[in-house]
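One structure below.
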There are 2 protein chains.
Amino acid sequence: MEKDLYGICPYVTAQKLLTGKWTLLIMYQLSLKKMRFNELQRALPSLTQATLTKQLRMMSDNGLIIRTVYDQIPPKVEYSLSELGERFQPVLNAIQEWGTEYIDFLKGKSS
Amino acid sequence: MEKDLYGICPYVTAQKLLTGKWTLLIMYQLSLKKMRFNELQRALPSLTQATLTKQLRMMSDNGLIIRTVYDQIPPKVEYSLSELGERFQPVLNAIQEWGTEYIDFLKGKSS
DNA sequence: CAGGATCCTTCGTGATACTG
DNA sequence: CAGTATCACGAAGGATCCTG
């Protein structure tokens, strides 16, 4: 089973963590700045509250992001990248670049 | 819908393409050398034929890899990275590095 | 504002059997 | 050797309603 390779093979491990359909997008948003729950929702309009909540919890459990709760009324919760999340930046950059190239490729195809 | 961003946002686009549970692994394998169907299967033991076939077809359709059929008996089919696939290398490298760091993080946690 | 709790559907993944 | 064809399942994702 590939599960055995989680925590062993870098690729299997990374894939597991990035599995979420939105993980990459959230990582990107948070790499720009720390954000509150509603800010994220506005940045990712096609994502429902429930899903966003689950994703954030997963990412928090995995140590990718940090959840900071300010004990006040109205409630305020901020999400930011953890140390590990920050180190993810190179991947983000590489993906952005490659994604852009891929989009160009798509355009060339359709025209 | 986020579908609208496919072909527009690099991250959405990349995430779609890397969605498959095995895409990253296959990309890595093929980045080492072109491989035949059975070679890939041996390299990824926990992956069934059916699934591998589907993944390869998807990746081929997406232009990530190239499928070369040698018309002979017994059949021989080789898979290799396309131009676009080659350009994916930086992402692969970044992921490998980050994945390794993450594994270290996991170890530190459990101990 | 930032969720929690449910319910439901879709899609990816896998098992198995068969083929040129 | 390199697939194709079916069937089935589980989990991720989403819709909706409710709360401190």
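Every heavy atom of this structure was used, including side-chain atoms; hydrogens, water molecules and symmetry mates were not.
Between Leu17(A) and Tyr6(A) there is a side-chain heavy-atom pair separated by less than 4.5 Å. The shortest side-chain heavy-atom distance between Phe88(A) and Leu24(A) falls under the 4.5 Å cut-off. Contact annotation: the side chain of Phe37(A) approaches that of Thr53(A) to within less than 4.5 Å [non-hydrogen atoms, C-beta and beyond].
Atom-to-atom, CD of Gln55(B) to P of dC11(C) comes out at 16 Å; the value is rounded to the nearest Å. Separating the CD atom of Gln49(B) from the C1' atom of dT6(D) is a distance of 15 Å, rounded to the nearest angstrom. Straight-line distance from the CG atom of Leu24(A) to the C1' atom of dG13(D): 17 Å, rounded to whole Å. For the pair Ile73(A) CD1 and dG3(C) P, the interatomic distance rounds to 13 Å; values are reported in whole Å. Atom CD1 of Ile65(A) is separated from atom C1' of dA2(C) by 14 Å (rounded to the nearest Å). Met59(A) places its CE atom 15 Å from the P atom of dA12(D), with the value rounded to the nearest Å. For Leu47(A) and dA2(C), the CG to P distance is 14 Å, given to the nearest whole Å. In this structure, CZ of Phe37(A) is placed 18 Å from P of dG20(D), rounded to the nearest angstrom.
Considering only side-chain atoms of Ala50(A), the nucleotide from dG20(C), dA5(C), dT4(D) that sits closest is dA5(C). Looking at the side chain of Arg67(B), the nearest of the listed nucleotides dG3(D), dG14(C), dG4(C) is dG3(D). Nearest to the side chain of Arg57(A), among dT13(C), dA2(D), dG4(C), sits dG4(C). Of the candidates dA2(D), dA15(C), dA2(C), the closest approach to any side-chain atom of Val77(B) belongs to dA2(D).
Results of the salt bridge (charged side-chain N to carboxylate O under 4.0 Å, His left out) test with Glu78(B) over Arg67(B), Lys34(B), Arg36(B) single out Lys34(B) as the only residue that passes.
With no hydrogens or angles considered, no side-chain donor-acceptor pair links Glu97(B) and Asn93(B) at under 3.5 Å.
Side-chain nitrogen and oxygen atoms of Lys21(B) include at least one within less than 4.0 Å of the OP1 or OP2 phosphate oxygen of dG14(C). A close approach under 4.0 Å does not occur between any side-chain nitrogen or oxygen of Arg36(A) and OP1 or OP2 of dC1(C). Side-chain N/O atoms of Thr51(A) include one lying less than 4.0 angstrom from OP1 or OP2 on dG14(D). Between Tyr79(A) and dC1(C) there is no side-chain polar atom (N or O) within less than 4.0 angstrom of OP1 or OP2.
The base of dG3(D) does not come close enough to the side chain of Lys54(B) for any donor and acceptor atom to sit less than 3.5 Å apart.
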